[in-house]
Amino acid sequence: MRQRSPLVQDAQRTSHAVVTEEDLLTVRHAVRAAAIDVGFGLIDQTRVVTAASELARNAYVHGGGGTVVIEVLRHGGRRGLRLCVRDEGPGIPDLDAAMTDGFTTGAGLGHGLGGAGRLMDEFSVDSGPGTGTTVVATRWATR
């Protein structure tokens, strides 16, 4: 999996609890606003919001709720957006399988976690049985 960039200067950060269905919409709106602030075009806004929506929904459905931290990144002339989604759920027992298209533990199509990773430039998952899950995903503006 792609790793996140260690170099970040001047990050702006907001945190959002995900404990209700309504919180999922709040996260989507907050991520869209941050993506606009970064200067993403419509396609990249859609990519980031889609990834955030899937990751937040996973934390809500599979992790029993969690937190989404949105960071606006600036490094030199680069701008980007980092999402850190955490839950205290049961964890993902087989991460390789969970990243495979078609794998699902629910009623979905099984494109969520892997699909979210493909929408972002950098993506990492830390999870295990009984330890919860943390996903860090970053997208950089191409300007």
Side-chain angles (χ1 to χ4, degrees), residues 1-75 77-128 131-143:
M1 279 179 246
R2 295 168 298 229
Q3 297 298 311
R4 67 181 183 156
S5 169
L7 301 173
V8 178
Q9 299 171 342
D10 194 57
Q12 297 172 349
R13 182 183 307 197
T14 60
S15 181
H16 302 272
V18 179
V19 293
T20 68
E21 286 277 337
E22 292 79 21
D23 294 335
L24 299 172
L25 185 58
T26 300
V27 165
R28 288 178 60 88
H29 288 303
V31 170
R32 169 94 48 206
I36 290 168
D37 181 51
V38 167
F40 286 150
L42 183 58
I43 291 171
D44 281 339
Q45 289 174 36
T46 302
R47 286 180 177 133
V48 173
V49 170
T50 300
S53 180
E54 181 58 38
L55 296 173
R57 179 165 291 287
N58 281 353
Y60 174 69
V61 171
H62 301 292
T67 304
V68 176
V69 176
I70 305 165
E71 290 180 274
V72 174
L73 308 175
R74 291 175 181 83
H75 176 65
R78 293 178 80 191
R79 294 177 57 112
L81 195 61
R82 178 174 295 148
L83 308 172
C84 181
V85 182
R86 291 187 174 104
D87 68 54
E88 299 294 325
I92 302 171
D94 186 346
L95 187 55
D96 288 334
M99 292 296 292
T100 303
D101 280 347
F103 177 85
T104 183
T105 58
L109 297 175
H111 298 297
L113 197 56
R118 287 189 298 277
L119 292 170
M120 304 298 279
D121 294 321
E122 300 167 12
F123 191 81
S124 66
V125 180
D126 182 20
S127 184
T131 63
T133 301
T134 300
V135 178
V136 179
T138 304
R139 179 120 189 130
W140 293 99
T142 55
R143 287 187 189 191

request  = Test side-chain contact (heavy atoms from CB on, under 4.5 Å) on Glu71 and Thr14 and set out the steps.
outcome  = CA-CA 7 Å; Glu71 290 180 274; Thr14 60; over 6 Å; no
ask   = Yes or no on side-chain contact (heavy atoms from CB on, under 4.5 Å) for Val136 and Arg82, after CA distance, side-chain angles and deciding distance?
value = CA-CA 7 Å; Val136 179; Arg82 178 174 295 148; 3.7 Å; yes
inquiry  = Between Val85 and Thr134, does the side-chain contact (heavy atoms from CB on, under 4.5 Å) criterion hold? Intermediate values first, please.
reply    = CA-CA 6 Å; Val85 182; Thr134 300; over 6 Å; no
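No donor-acceptor distance shorter than 3.5 angstrom exists from the side chain of Ser15 to the backbone of Val69, with no hydrogens or angles considered. At distances below 3.5 Å, at least one donor-acceptor pair connects side-chain atoms of Asp121 with backbone N or O atoms of Trp140.
Exactly one of Thr67, Val61, Thr133, Val68 qualifies for a side-chain contact (heavy atoms from CB on, under 4.5 Å) with Asp87. That residue is Thr133.
Side-chain contact check for Asp23 and Thr20: at least one donor-acceptor pair (N or O, by modelled atom type) lies under 3.5 Å.
Side-chain contact between Val48 and Met120 is present, with heavy atoms from C-beta onward closer than 4.5 Å. The shortest side-chain heavy-atom distance between His16 and His29 does not fall under the 4.5 Å cut-off.
Qualifying side-chain hydrogen bond (donor to acceptor under 3.5 Å, both in side chains) partners for Thr46, counting only residues two or more places apart in sequence or in other chains: none. Among residues two or more places apart in sequence or in another chain, the side chain to side chain contact (heavy atoms under 4.5 Å, CB included) test is passed with Ser53 by Arg28.
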Per-pair distances, 0.1 Å, donor-acceptor, side chain in residues 34-45, under 3.5 Å, sequence neighbours excluded:
from  : atom 1 : to     : atom 2 : distance (Å)
Asp44 : OD1    : Arg47  : NH1    : 2.7
Asp44 : OD1    : Arg139 : NE     : 3.2
Asp44 : OD1    : Arg139 : NH2    : 2.9
Gln45 : OE1    : Arg32  : NH1    : 3.3
Gln45 : NE2    : Phe40  : O      : 2.9

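What you find for Phe123 and Leu113 is that their closest heavy atoms are CZ-O, 3.7 Å.
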